[in-house]
There are 2 protein chains.
Amino acid sequence: MGQASMTRRRPALGTLATDLRLACMRISRRIRLESGDDVAPHQFSVLVRLDERARSIGDLAATERVSAPSMTRTVNGLVERGLVARADHPEDGRQVIVSLTDLGRSTVKDTRRRRDQWMAVRLGVLDADELEVLRRATAILARVAAE
Amino acid sequence: MGQASMTRRRPALGTLATDLRLACMRISRRIRLESGDDVAPHQFSVLVRLDERARSIGDLAATERVSAPSMTRTVNGLVERGLVARADHPEDGRQVIVSLTDLGRSTVKDTRRRRDQWMAVRLGVLDADELEVLRRATAILARVAAE
DNA sequence: TATTGTTATACTCTATAACTATA
DNA sequence: TATAGTTATAGAGTATAACAATA
């Protein structure tokens with residue numbers, strides 16, 4: 001019924017929603033599979049958070065919506081690989097502050113570069129008009145994603 | 001260097017690649033997290049394959065790029081939940097043919113409907129010009145995703 | 001006493017190696 | 001002998017419950 005009333009108001013909005021959703025999900029999936037990431041998705045997500053700023057274990061667990069023990073495990077794995085470092089909180093002795101190492105920072109940068117490259121190669125075959133459509137669409141999609 | 005030569009040929013193509021990639025990945029991530037899927041991602045992926053046609057365990061394992069024992073496990077879980085059924089291959093007694101049950105088929109349909117609904121709600125706030133841009137962009141993105 | 005993080009334990013999904021049944 | 005699938009076992013990821021250290 002939601003579908004029916006929408007279709008009545010805006011012809012073919014349902015089709016657009018389906019096609020756009022599928023295109024976004026397929027592109028996202030292929031980037032994940034084909035850009036040769038060297039860390040697992042859940043690890044990369046933590047590295048990106050730490051690229052913004054250093055965070056405690058609890059902060060990371062809440063941000064990533066996993067339990068504290070899971071985050072302890074993930075952080076330990078990243079420490080073993082030399083991608084992040086642990087430090088005592090200056091005032092609160094209970095907290096552990098996790099931050100990126102230089103290796104961690106360059107891993108984030110390299111992964112982003114490879115992903116952007118994947119997309120850039122595919123945009124490279126498009127003509128000027130198509131690129132202009134995508135430029136306008138990207139601004140709209142960014143708002144949709146941020147909402 | 002690839003980046004530099006691209007930028008020389010097509011101003012700001014690198015920025016478009018980055019922004020478009022991020023928008024697609026964020027939308028895809030939010031759909032996955034927020035549309036209330038009732039099966040896990042690897043399970044849903046198998047259901048979608050079986051929605052195309054019935055397949056053997058080996059076929060599914062190759063298509064999903066997991067090992068045969070992993071696919072045996074995944075299929076067993078789906079059988080327990082009543083979403084797929086196993087059957088003997090008519091000629092080759094070694095093979096097991098897996099197909100969707102009615103419940104499995106409606107699960108695929110419902111999951112897709114909820115995902116489309118997520119996107120449709122967000123498209124609902126856009127104006128006619130913005131929707132027209134997204135319509136044109138979707139056709140281009142579908143080609144990019146299929147390439 | 002409340003909060004932060006770790007340890008203990010268990011469940012799921014992944015894999016490889018070894019095995020069974022069939023071609 | 002080769003192929004399809006299962007069972008055995010192990011390695012990560014997830015979780016909750018119980019615990020230690022600190023506020």
Side-chain angles (χ1 to χ4, degrees), chain A residues 29 32-34 36-50 53-100 104 107 111, chain B residues 29 32-34 36-50 53-100 104 107 111:
Chain A
R29 180 184 163 86
R32 233 185 323 107
L33 294 176
E34 296 172 22
D37 294 0
D38 35 29
V39 295
H42 74 288
Q43 292 177 319
F44 184 66
S45 190
V46 167
L47 294 184
V48 168
R49 297 297 183 180
L50 294 176
R53 59 180 172 81
R55 291 170 187 266
S56 69
I57 300 278
D59 184 350
L60 284 172
T63 305
E64 295 295 308
R65 292 165 217 234
V66 297
S67 66
S70 290
M71 189 48 70
T72 293
R73 236 175 121 67
T74 296
V75 167
N76 286 347
L78 293 170
V79 168
E80 276 171 32
R81 293 190 51 177
L83 299 172
V84 307
R86 310 170 71 116
D88 294 338
H89 189 287
E91 290 123 42
D92 188 340
R94 297 169 302 182
Q95 292 189 40
V96 173
I97 300 302
V98 186
S99 60
L100 283 189
T107 296
T111 299
Chain B
R29 180 184 163 85
R32 233 183 322 108
L33 295 175
E34 295 171 24
D37 294 358
D38 36 28
V39 295
H42 74 287
Q43 291 177 320
F44 183 65
S45 190
V46 167
L47 294 184
V48 168
R49 297 298 184 180
L50 294 176
R53 59 181 171 79
R55 291 170 187 266
S56 70
I57 300 277
D59 183 349
L60 284 171
T63 304
E64 295 296 306
R65 292 166 216 232
V66 297
S67 64
S70 290
M71 189 49 69
T72 293
R73 236 178 120 66
T74 296
V75 166
N76 286 347
L78 293 170
V79 168
E80 276 171 33
R81 294 190 50 179
L83 299 172
V84 308
R86 310 171 71 116
D88 295 338
H89 189 287
E91 291 124 41
D92 188 340
R94 297 169 303 180
Q95 292 189 41
V96 173
I97 299 301
V98 186
S99 60
L100 283 189
T107 296
T111 298

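Excluded from the calculations below are hydrogen atoms, water molecules and symmetry mates; all remaining heavy atoms, backbone and side chain alike, are included. To find a chain, count down the sequence lines: A is the first, B the second, and so on, and within it residues start at 1.
- Rounded to whole Å, atom P of C/dT3 lies 19 Å from atom CD1 of A/Ile57.
- Side-chain contact check for A/Asp59 and A/Thr63: at least one donor-acceptor pair (N or O, by modelled atom type) lies under 3.5 Å.
- Atom OG1 of A/Thr111 sits about 5.5 Å away from atom CG of A/Asp37, to the nearest 0.5 Å.
- Closest-nucleotide positions on DNA chain D for B/Asp59 and A/Arg65 were compared, and the one nearer the 5' end corresponds to B/Asp59.
- Of the residues in residues 42-49 of chain B, those placing a heavy atom less than 4.0 Å from an atom of DNA chain C are B/His42, in numerical order.
- Among residues two or more places apart in sequence or in another chain, the side-chain hydrogen bond (donor to acceptor under 3.5 Å, both in side chains) test is passed with B/Ser67 by B/Ser70.
- Rounded to an integer number of Å, the gap from B/His89 NE2 to D/dG5 P is 9 Å.
- Residues B/Val39 and B/Arg81 form a side-chain contact, since some pair of their non-hydrogen atoms from C-beta on lies under 4.5 Å apart.
- Partners of A/Arg29 under the salt bridge (Lys or Arg N to Asp or Glu O under 4.0 Å) rule, at least two apart in sequence or in another chain, do not exist in this structure.
- At a non-hydrogen distance threshold of 4.0 Å, A/Arg73, A/Thr74 from residues 72-82 of chain A come into contact with DNA chain D.
- In this structure, CZ on B/Arg65 lies 12.0 Å from CE on B/Met71, to the nearest 0.5 angstrom.
- One can place CG of A/Leu60 at 13 Å from C1' of C/dT4, the figure rounded to the nearest angstrom.
- Counting only heavy atoms from C-beta outward, the side chains of B/Ser45 and B/Glu64 approach each other to under 4.5 Å.
- In this structure, B/Arg94 does not pair ionically with B/Asp88, as no charged nitrogen and carboxylate oxygen lie closer than 4.0 Å.
- Residues passing the side-chain hydrogen bond (donor to acceptor under 3.5 Å, both in side chains) test with A/Arg73, sequence neighbours excluded: none.
- Donor-acceptor pairing under 3.5 Å is lacking for the side chains of A/Thr74 and A/Gln43.
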Can you give one letter per nucleotide of nucleotides 16-23 of chain D, 5' to 3': B if a protein heavy atom sits under 4.0 Å from the base, S if only from the sugar-phosphate, - if neither? BB----BS

